[in-house]
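Have a look at the structure below, then the notes.
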Amino acid sequence: MNAKLQNKIALTIIKLIAGIVVLILAFLIGKILLEGLPHISWQFLTSSAKAFEAGGGVGIQLFNSFYLLVLTLLISFPISLGAGIYLSEYAPKNAVTATVRMAIEVLSSLPSVVVGLFGFLLFVVQFKFGYSILSGAIALTFFNLPLLTRNIEESLQAVPNLQREAGLALGLSKWRTVNKIILPEALPGIVTGIVLSAGRIFGEAAALIFTAGQSATNVDFTNWNPFASNSPLNLMRPAETLAVHIWKINSEGIMPDADAVSAGASAVLIIAVLVFNLGARFLGNYLYKKLTAAASK
């Protein structure tokens with residue numbers, strides 16, 4: 001067998017594998033959307049869930065999911081950014097740095113249910129936060145921190161060393177070089193990582209079952225005082241998210257239209273994740289052109 005034939009066979013196999021992956025993804029997304037989209041309406045997206053009667057929605061669960069997402073990113077992103085910059089630009093290559101990187105890898109591979117149990121024992125029980133949004137957000141921070149730190153570090157390392165040398169040659173300090181040259185160049189990758197991690201956080205269930213709880217208290221969306229017990233912004237109230245709601249209604253079996261609500265909620269979840277993924281590409285490319293020399297080309 002000559003080299004050209006081998007190359008053609010290998011290329012065909014690679015294309016076939018790629019096509020199979022795309023077909024599997026299209027089948028999964030298509031099936032969920034086809035079954036769920038007919039059940040989605042404005043009333044479904046805004047009304048409260050009902051336990052023993054049909055016609056409930058996912059309004060509170062949807063709000064809880066976005067609220068937890070925002071809180072988690074507000075906590076985890078500054079820590080991840082600092083850790084990623086240090087590991088990429090300042091950390092010496094020694095046993096301590098290698099241990100830190102290994103710890104990040106091990107933490108990122110922990111099952112989410114283990115992170116949830118850790119959050120339950122520490123924040124819910126030990127710190128007496130109870131089943132609350134705050135407990136869930138901190139647990140999701142532990143869940144998200146390794147992935148986001150690794151993404152930021154890799155995005156910074158992908159910037160060519162020539163740009164670092166050019167900044168230092170111009171007399172810029174190390175921090176000014178990182179801040180004005182390296183970070184803008186790495187921003188598309190960082191933003192992509194943030195948005196992709198947001199999709200992962202939005203769809204997380206296991207870690208929140210043990211921390212944020214499995215109940216969605218009735219909230220008053222006209223009362224935005226974060227210290228009021230019925231306020232949507234209250235950090236100490238239980239907060240059942242969309243993913244937890246899907247798991248709960250399928251496991252309890254007390255909702256007459258559980259199949260319809262589950263299908264609709266799953267479609268909403270898939271649409272949100274798709275928006276996160278597509279938004280990551282668009283926002284990353286936009287910021288890259290806005291903050292780098294690519295804007296002038």
Item to check | Partner set under salt bridge (Lys or Arg N to Asp or Glu O under 4.0 Å) for Glu165, not counting sequence neighbours | outcome: none
Using residues 69-81 as the side-chain source, report each donor-acceptor pair under 3.5 Å to any protein atom, sequence neighbours left out, with the distance given to one decimal.
{"from": "Thr72", "atom 1": "OG1", "to": "Leu68", "atom 2": "O", "distance (Å)": "2.7"}
{"from": "Ser76", "atom 1": "OG", "to": "Thr72", "atom 2": "O", "distance (Å)": "2.8"}
{"from": "Ser76", "atom 1": "OG", "to": "Asn144", "atom 2": "ND2", "distance (Å)": "3.2"}
{"from": "Ser80", "atom 1": "OG", "to": "Ser76", "atom 2": "O", "distance (Å)": "2.9"}
{"from": "Ser80", "atom 1": "OG", "to": "Thr149", "atom 2": "OG1", "distance (Å)": "3.4"}

Side-chain polar contacts of residues 259-268 - donor-acceptor pairs under 3.5 angstrom, sequence neighbours left out - could you list them?
{"from": "Ser262", "atom 1": "OG", "to": "Asn250", "atom 2": "ND2", "distance (Å)": "2.9"}
{"from": "Ser266", "atom 1": "OG", "to": "Ser262", "atom 2": "O", "distance (Å)": "2.7"}

Next on the checklist: Checking Ala158 now: which residues fulfil side chain to side chain contact (heavy atoms under 4.5 Å, CB included) with it, not counting sequence neighbours?
Outcome noted: none
Checklist entry - Could you give all pairs that pass the salt bridge (Lys or Arg N to Asp or Glu O under 4.0 Å) test and reach residues 116-133, with sequence neighbours left out? => result none
Next on the checklist: Going by ring-ring contact (aromatic ring centres under 6.0 Å, His included), name the residues that satisfy it together with Phe44, two or more places apart in sequence or in a different chain.
Outcome noted: none
Item to check | salt bridge (Lys or Arg N to Asp or Glu O under 4.0 Å) contacts in which one or both residues fall within residues 231-242, not counting sequence neighbours | outcome: Glu240-Lys248
Checklist entry - Do Phe210 and Phe118 have their ring centres less than 6.0 Å from each other? => result no
Checklist entry - Does Tyr90 have any ring-ring contact (aromatic ring centres under 6.0 Å, His included) partners at least two apart in sequence or in another chain, and if so, which? => result none
Checklist entry - Tell me the salt bridge (Lys or Arg N to Asp or Glu O under 4.0 Å) pairs involving residues 169-179, sequence neighbours left out? => result Glu89-Lys174
Item to check | Which residues share a ring-ring contact (aromatic ring centres under 6.0 Å, His included) with Phe63, sequence neighbours left out | outcome: Tyr67, Phe221
Item to check | Linked hydrophobic residues, Leu28 as query - side chain contacts closer than 4.5 Å | outcome: Leu16, Ile20, Ile24, Phe27
Checklist entry - Taking only residues at least two apart or on different chains, which pairs with a member in residues 16-32 satisfy salt bridge (Lys or Arg N to Asp or Glu O under 4.0 Å)? => result Lys31-Glu35
